[in-house]
Amino acid sequence: MKKALPPTQSHGNGIVSWTHDFKAKHIVVTDRGRNIVRKGNMLQQRLHIVCRTCNGGWMNRIVEKTKPLIESLMRSEPITLDRESQHWLALKFTNSTIMAEQLDPFTAAVPPKDREAVFRSKAPLPNWAIYIGRNSSPHFRPLRHIHTGGCLIPSATLDHNQGINQAGAHTFYQQTTFTHEDLVVFAFSSSEAELISEIKERFVGPHFIRIHPIEQENIHWPCTEVLPEEGIMEIAYWLRTTMDITHKEASEKAN
(Lines give C-alpha, C1' and ligand atoms only; values in the text may rest on other atoms or scores of the structure.)
Protein backbone atom coordinates (compact mmCIF):
# COMPACT_ATOMS: atom_id res chain seq x y z
CA MET A 1 0.00 0.00 0.00
CA LYS A 2 2.25 2.78 -1.26
CA LYS A 3 -0.45 5.45 -0.96
CA ALA A 4 -2.09 4.74 2.34
CA LEU A 5 -2.10 8.49 2.95
CA PRO A 6 -3.58 10.07 -0.20
CA PRO A 7 -2.74 13.71 -1.00
CA THR A 8 -5.22 16.41 -0.03
CA GLN A 9 -5.65 20.10 -0.77
CA SER A 10 -6.16 22.05 2.43
CA HIS A 11 -5.90 19.41 5.13
CA GLY A 12 -4.18 16.05 4.88
CA ASN A 13 -6.66 13.27 5.59
CA GLY A 14 -5.15 9.83 5.34
CA ILE A 15 -7.75 7.06 5.32
CA VAL A 16 -7.27 3.42 4.45
CA SER A 17 -9.72 0.57 4.84
CA TRP A 18 -8.74 -3.05 4.53
CA THR A 19 -10.97 -6.11 4.67
CA HIS A 20 -9.69 -9.58 5.44
CA ASP A 21 -11.76 -12.52 4.20
CA PHE A 22 -10.89 -15.53 6.31
CA LYS A 23 -12.87 -17.87 4.08
CA ALA A 24 -10.76 -17.17 1.03
CA LYS A 25 -7.18 -18.12 0.29
CA HIS A 26 -6.30 -14.50 -0.27
CA ILE A 27 -6.50 -11.11 1.41
CA VAL A 28 -8.66 -8.39 -0.13
CA VAL A 29 -7.50 -4.87 0.70
CA THR A 30 -9.86 -2.01 -0.13
CA ASP A 31 -7.92 1.23 -0.54
CA ARG A 32 -10.17 4.20 -1.37
CA GLY A 33 -12.39 2.18 -3.68
CA ARG A 34 -9.68 -0.01 -5.24
CA ASN A 35 -9.57 -3.72 -4.42
CA ILE A 36 -6.07 -5.14 -4.11
CA VAL A 37 -5.74 -8.93 -3.86
CA ARG A 38 -2.79 -10.34 -1.97
CA LYS A 39 -1.76 -13.96 -1.85
CA GLY A 40 -1.86 -15.97 1.33
CA ASN A 41 -4.33 -16.93 4.02
CA MET A 42 -4.39 -14.66 7.07
CA LEU A 43 -5.12 -17.56 9.37
CA GLN A 44 -1.69 -18.95 8.52
CA GLN A 45 0.18 -15.72 9.18
CA ARG A 46 2.31 -15.48 12.29
CA LEU A 47 2.94 -12.17 14.02
CA HIS A 48 6.22 -11.90 15.89
CA ILE A 49 5.18 -8.78 17.79
CA VAL A 50 4.69 -10.05 21.34
CA CYS A 51 7.52 -11.06 23.65
CA ARG A 52 7.40 -14.51 25.24
CA THR A 53 6.99 -13.08 28.75
CA CYS A 54 3.87 -11.09 27.81
CA ASN A 55 2.41 -13.87 25.67
CA GLY A 56 2.67 -16.35 28.50
CA GLY A 57 1.89 -13.85 31.23
CA TRP A 58 -0.69 -11.08 31.39
CA MET A 59 -1.92 -11.61 27.82
CA ASN A 60 -2.49 -15.29 28.48
CA ARG A 61 -4.51 -14.35 31.57
CA ILE A 62 -6.76 -12.18 29.39
CA VAL A 63 -7.38 -15.15 27.08
CA GLU A 64 -8.20 -17.41 30.01
CA LYS A 65 -10.62 -14.85 31.47
CA THR A 66 -12.43 -14.12 28.21
CA LYS A 67 -12.47 -17.40 26.28
CA PRO A 68 -15.60 -18.84 27.95
CA LEU A 69 -17.32 -15.46 27.72
CA ILE A 70 -16.60 -15.08 24.01
CA GLU A 71 -17.70 -18.65 23.29
CA SER A 72 -21.08 -17.93 24.92
CA LEU A 73 -21.43 -14.66 23.01
CA MET A 74 -20.60 -16.38 19.71
CA ARG A 75 -23.26 -19.04 20.29
CA SER A 76 -25.94 -16.71 21.71
CA GLU A 77 -25.92 -18.71 24.92
CA PRO A 78 -27.59 -17.02 27.91
CA ILE A 79 -24.99 -15.15 29.93
CA THR A 80 -24.85 -12.11 32.18
CA LEU A 81 -21.85 -9.81 31.76
CA ASP A 82 -21.13 -7.94 34.98
CA ARG A 83 -18.70 -5.04 35.22
CA GLU A 84 -15.68 -7.30 35.65
CA SER A 85 -16.63 -9.40 32.60
CA GLN A 86 -17.13 -6.27 30.51
CA HIS A 87 -13.72 -4.98 31.62
CA TRP A 88 -11.94 -8.17 30.58
CA LEU A 89 -13.75 -8.34 27.24
CA ALA A 90 -12.93 -4.71 26.48
CA LEU A 91 -9.27 -5.35 27.29
CA LYS A 92 -9.30 -8.46 25.11
CA PHE A 93 -10.81 -6.60 22.14
CA THR A 94 -8.36 -3.72 22.65
CA ASN A 95 -5.44 -6.14 22.44
CA SER A 96 -7.00 -7.93 19.46
CA THR A 97 -7.34 -4.62 17.62
CA ILE A 98 -3.75 -3.58 18.31
CA MET A 99 -2.38 -6.95 17.20
CA ALA A 100 -4.62 -7.22 14.13
CA GLU A 101 -3.35 -3.86 12.91
CA GLN A 102 0.13 -5.33 12.66
CA LEU A 103 -1.01 -7.62 9.85
CA ASP A 104 -0.46 -4.51 7.75
CA PRO A 105 1.76 -2.16 9.82
CA PHE A 106 1.65 0.47 7.09
CA THR A 107 -2.00 1.14 7.93
CA ALA A 108 -1.75 0.73 11.74
CA ALA A 109 -3.32 3.76 13.41
CA VAL A 110 -3.13 3.03 17.15
CA PRO A 111 -0.21 5.26 18.20
CA PRO A 112 2.74 3.84 20.17
CA LYS A 113 1.76 5.80 23.28
CA ASP A 114 -1.60 4.01 23.34
CA ARG A 115 0.03 0.61 23.01
CA GLU A 116 2.43 1.51 25.80
CA ALA A 117 -0.45 2.71 27.99
CA VAL A 118 -2.32 -0.59 27.54
CA PHE A 119 0.84 -2.52 28.43
CA ARG A 120 1.42 -0.48 31.58
CA SER A 121 -2.18 -0.20 32.81
CA LYS A 122 -3.45 -3.64 31.65
CA ALA A 123 -6.76 -1.89 31.02
CA PRO A 124 -8.75 -0.48 28.08
CA LEU A 125 -8.06 3.20 27.51
CA PRO A 126 -10.46 6.15 28.00
CA ASN A 127 -10.06 7.26 24.36
CA TRP A 128 -11.62 3.97 23.15
CA ALA A 129 -15.26 2.97 22.70
CA ILE A 130 -16.08 -0.74 22.33
CA TYR A 131 -19.45 -2.30 21.47
CA ILE A 132 -20.84 -5.78 20.97
CA GLY A 133 -23.83 -6.80 18.88
CA ARG A 134 -25.58 -9.90 17.61
CA ASN A 135 -25.07 -10.97 14.01
CA SER A 136 -27.88 -12.36 11.87
CA SER A 137 -26.02 -12.52 8.53
CA PRO A 138 -24.56 -15.81 7.21
CA HIS A 139 -22.01 -13.68 5.33
CA PHE A 140 -20.47 -12.58 8.61
CA ARG A 141 -20.59 -15.86 10.51
CA PRO A 142 -17.06 -16.90 9.55
CA LEU A 143 -14.29 -15.01 11.32
CA ARG A 144 -14.04 -11.65 9.57
CA HIS A 145 -12.15 -8.45 10.19
CA ILE A 146 -12.78 -4.97 8.78
CA HIS A 147 -10.45 -2.12 9.69
CA THR A 148 -10.26 1.59 8.93
CA GLY A 149 -7.19 3.46 10.10
CA GLY A 150 -6.15 7.01 9.40
CA CYS A 151 -4.70 10.28 10.54
CA LEU A 152 -5.06 13.98 9.89
CA ILE A 153 -1.88 15.64 8.68
CA PRO A 154 -1.03 18.85 6.81
CA SER A 155 -0.55 18.05 3.14
CA ALA A 156 2.79 19.89 3.10
CA THR A 157 4.30 17.24 5.37
CA LEU A 158 2.68 14.24 3.66
CA ASP A 159 5.04 11.44 2.62
CA HIS A 160 3.41 8.61 0.65
CA ASN A 161 6.20 6.22 1.62
CA GLN A 162 5.46 6.46 5.32
CA GLY A 163 2.90 4.48 7.25
CA ILE A 164 0.24 6.18 9.34
CA ASN A 165 2.23 5.94 12.57
CA GLN A 166 5.35 7.33 10.88
CA ALA A 167 3.59 10.30 9.29
CA GLY A 168 4.26 12.73 12.12
CA ALA A 169 0.57 13.37 12.70
CA HIS A 170 -0.98 14.25 16.03
CA THR A 171 -4.53 13.07 15.27
CA PHE A 172 -5.12 9.37 14.79
CA TYR A 173 -8.31 7.35 14.50
CA GLN A 174 -9.26 3.77 13.81
CA GLN A 175 -12.30 1.54 13.73
CA THR A 176 -12.10 -2.24 13.82
CA THR A 177 -14.95 -4.69 13.33
CA PHE A 178 -14.67 -8.36 14.24
CA THR A 179 -17.40 -10.89 13.46
CA HIS A 180 -17.55 -14.59 14.32
CA GLU A 181 -20.73 -16.64 14.36
CA ASP A 182 -23.34 -14.64 16.33
CA LEU A 183 -20.92 -12.05 17.73
CA VAL A 184 -20.07 -8.65 16.27
CA VAL A 185 -17.50 -6.37 17.91
CA PHE A 186 -16.94 -2.70 17.05
CA ALA A 187 -13.82 -1.06 18.50
CA PHE A 188 -13.17 2.67 17.99
CA SER A 189 -10.24 4.75 19.18
CA SER A 190 -9.04 8.27 18.49
CA SER A 191 -6.61 10.82 19.84
CA GLU A 192 -9.46 13.32 19.51
CA ALA A 193 -11.88 13.19 22.45
CA GLU A 194 -14.53 14.94 20.35
CA LEU A 195 -14.70 12.04 17.89
CA ILE A 196 -15.12 9.48 20.68
CA SER A 197 -17.87 11.62 22.20
CA GLU A 198 -19.65 11.69 18.84
CA ILE A 199 -19.38 7.91 18.59
CA LYS A 200 -20.88 7.46 22.05
CA GLU A 201 -23.78 9.75 21.15
CA ARG A 202 -24.43 8.06 17.81
CA PHE A 203 -24.20 4.41 18.74
CA VAL A 204 -27.07 4.11 21.16
CA GLY A 205 -29.78 1.52 20.76
CA PRO A 206 -30.76 -2.11 21.24
CA HIS A 207 -28.66 -3.36 18.29
CA PHE A 208 -25.30 -2.75 19.93
CA ILE A 209 -24.23 -2.64 23.56
CA ARG A 210 -21.32 -0.61 24.86
CA ILE A 211 -18.95 -2.52 27.10
CA HIS A 212 -16.36 0.27 27.29
CA PRO A 213 -16.69 2.71 28.86
CA ILE A 214 -19.13 0.67 30.92
CA GLU A 215 -22.67 2.03 30.94
CA GLN A 216 -24.62 -0.98 32.31
CA GLU A 217 -23.98 -2.82 35.56
CA ASN A 218 -25.16 -6.07 33.97
CA ILE A 219 -25.65 -7.01 30.33
CA HIS A 220 -28.02 -9.88 29.66
CA TRP A 221 -27.06 -11.83 26.55
CA PRO A 222 -28.30 -12.64 23.99
CA CYS A 223 -29.80 -9.27 23.15
CA THR A 224 -33.18 -9.46 21.44
CA GLU A 225 -32.23 -7.19 18.52
CA VAL A 226 -29.94 -8.53 15.81
CA LEU A 227 -27.86 -6.78 13.17
CA PRO A 228 -28.55 -7.62 9.50
CA GLU A 229 -25.75 -7.66 6.95
CA GLU A 230 -26.44 -4.13 5.72
CA GLY A 231 -26.45 -2.87 9.30
CA ILE A 232 -23.06 -4.40 10.04
CA MET A 233 -21.58 -2.96 6.85
CA GLU A 234 -22.99 0.50 7.58
CA ILE A 235 -21.46 0.56 11.04
CA ALA A 236 -18.19 -1.12 9.98
CA TYR A 237 -17.56 1.64 7.45
CA TRP A 238 -19.05 4.49 9.49
CA LEU A 239 -15.72 6.06 10.43
CA ARG A 240 -14.36 5.84 6.91
CA THR A 241 -17.52 7.45 5.50
CA THR A 242 -17.56 10.16 8.17
CA MET A 243 -13.92 11.14 7.65
CA ASP A 244 -14.31 11.12 3.86
CA ILE A 245 -17.21 13.57 4.20
CA THR A 246 -15.22 15.71 6.65
CA HIS A 247 -12.28 15.86 4.23
CA LYS A 248 -14.52 16.68 1.27
CA GLU A 249 -16.16 19.55 3.15
CA ALA A 250 -12.77 20.92 4.23
CA SER A 251 -11.45 20.76 0.67
CA GLU A 252 -14.53 22.49 -0.74
CA LYS A 253 -14.28 25.21 1.90
CA ALA A 254 -10.62 25.81 1.06
CA ASN A 255 -11.43 26.15 -2.64
Side-chain angles (χ1 to χ4, degrees), residues 6 13 15-38 42-43 70-77 81 89-90 93 96-97 100-101 103-104 107 109 128-150 173-190 195-212 215-216 219-249:
N13 189 352
I15 302 177
V16 290
S17 179
W18 36 293
T19 301
H20 300 297
D21 188 344
F22 283 86
K23 294 198 308 181
K25 296 299 182 182
H26 59 266
I27 304 168
V28 179
V29 181
T30 305
D31 178 13
R32 298 185 72 82
R34 296 184 303 113
N35 285 338
I36 305 170
V37 178
R38 298 179 179 178
M42 279 187 54
L43 289 175
I70 293 174
E71 288 178 347
S72 293
L73 294 173
M74 287 167 46
R75 299 166 183 163
S76 289
E77 296 175 348
L81 302 176
L89 285 170
F93 297 140
S96 296
T97 297
E101 280 199 322
L103 289 162
D104 193 342
T107 69
W128 286 63
I130 303 175
Y131 299 79
I132 60 174
R134 191 176 171 200
N135 169 45
S136 66
S137 169
H139 181 69
F140 282 101
R141 290 192 65 78
L143 184 58
R144 188 175 172 88
H145 173 213
I146 301 174
H147 174 267
T148 296
Y173 49 84
Q174 70 80 31
Q175 175 183 354
T176 300
T177 301
F178 297 103
T179 66
H180 198 185
E181 297 188 20
D182 292 349
L183 177 63
V184 187
V185 179
F186 303 106
F188 300 86
S189 67
S190 175
L195 179 57
I196 294 298
S197 296
E198 182 180 349
I199 289 167
K200 292 176 184 175
E201 291 176 3
R202 176 179 175 81
F203 292 99
V204 177
H207 292 88
F208 25 77
I209 303 167
R210 197 176 78 203
I211 61 172
H212 177 76
E215 62 179 352
Q216 297 183 42
I219 295 172
H220 301 289
W221 188 267
C223 55
T224 55
E225 300 291 337
V226 295
L227 283 163
E229 182 175 331
E230 58 271 19
I232 295 174
M233 291 298 293
E234 180 182 356
I235 299 171
Y237 284 93
W238 176 84
L239 181 58
R240 177 190 176 99
T241 303
T242 299
M243 299 311 294
D244 275 338
I245 293 173
T246 300
H247 167 56
K248 181 180 179 181
E249 291 176 346

Problem set entry | Enclosure of Glu71 CD (heavy-atom neighbours >12, cutoff 6.0 Å) | yes
What one should report as the nearest heavy-atom pair of Gln216 and Ile209 is NE2-CG2, 3.7 Å
Smallest heavy-atom separation, Pro228 atom then Ser136 atom, equals CA-OG, 3.4 Å
- Task: Using only heavy-atom distances, determine whether the side chains of Gln174 and Ser189 contain a donor-acceptor pair under 3.5 Å.
- Result: yes
### Task
Verify side-chain hydrogen bond (donor to acceptor under 3.5 Å, both in side chains) between Glu101 and His147, making sure each step is shown before the conclusion.
CA-CA 8 Å; Glu101 280 199 322; His147 174 267; 2.9 Å; yes
* Test item: Asn135 side-chain N/O and His180 main-chain N/O as donor-acceptor pair under 3.5 Å -> no
When every non-hydrogen atom of Trp128 is compared with those of His212, the smallest separation belongs to O-CD2, 3.4 Å
To the nearest 0.5 Å, atom CZ of Phe208 lies from atom CD1 of Ile211 at 14.0 Å
Taking the side chain as every heavy atom from C-beta outward, state whether Leu81 and Ile132 have any pair of such atoms under 4.5 Å apart.
yes
request  = With side-chain contact (heavy atoms from CB on, under 4.5 Å) as the test, would you mind laying out the steps for Met233 and Phe140 before giving the verdict?
outcome  = CA-CA 10 Å; Met233 291 298 293; Phe140 282 101; 3.3 Å; yes
Could you tell me how the ring of Phe203 sits relative to the ring of Phe188: parallel (under 30°), tilted (30 to 60°) or perpendicular (over 60°)? tilted
* Asked: Taking it one step at a time, do Lys200 and Glu215 satisfy side-chain contact (heavy atoms from CB on, under 4.5 Å)?
  -> CA-CA 11 Å; Lys200 292 176 184 175; Glu215 62 179 352; over 6 Å; no
For Thr177 and Phe186, the nearest pair of non-hydrogen atoms, with its separation, is OG1-CD2, 3.4 Å
side-chain contact (heavy atoms from CB on, under 4.5 Å) between Arg202 and Trp238, intermediate numbers included: CA-CA 11 Å; Arg202 176 179 175 81; Trp238 176 84; 2.7 Å; yes
dist Phe178:CZ -> Leu183:CG (nearest 0.5 Å) comes out at 10.5 Å
What do the steps show when you test Val185 against Ile130 for side-chain contact (heavy atoms from CB on, under 4.5 Å), and what is the final call? CA-CA 7 Å; Val185 179; Ile130 303 175; 4.3 Å; yes
#### Entry: Under 3.5 Å: donor-acceptor pair, side chain of Thr176, backbone of Thr97
no
Donor-acceptor pair between Ser76 and Arg134 side chains, under 3.5 angstrom
yes
Rounded to the nearest 0.5 angstrom, the CG-OG distance for Asp182 and Ser72 is 11.5 Å
Shortest non-hydrogen pair, Gly133 vs Leu227, comes out as CA-CD1, 4.3 Å
What one should report as the nearest heavy-atom pair of Ser190 and Ile196 is N-CD1, 3.8 Å
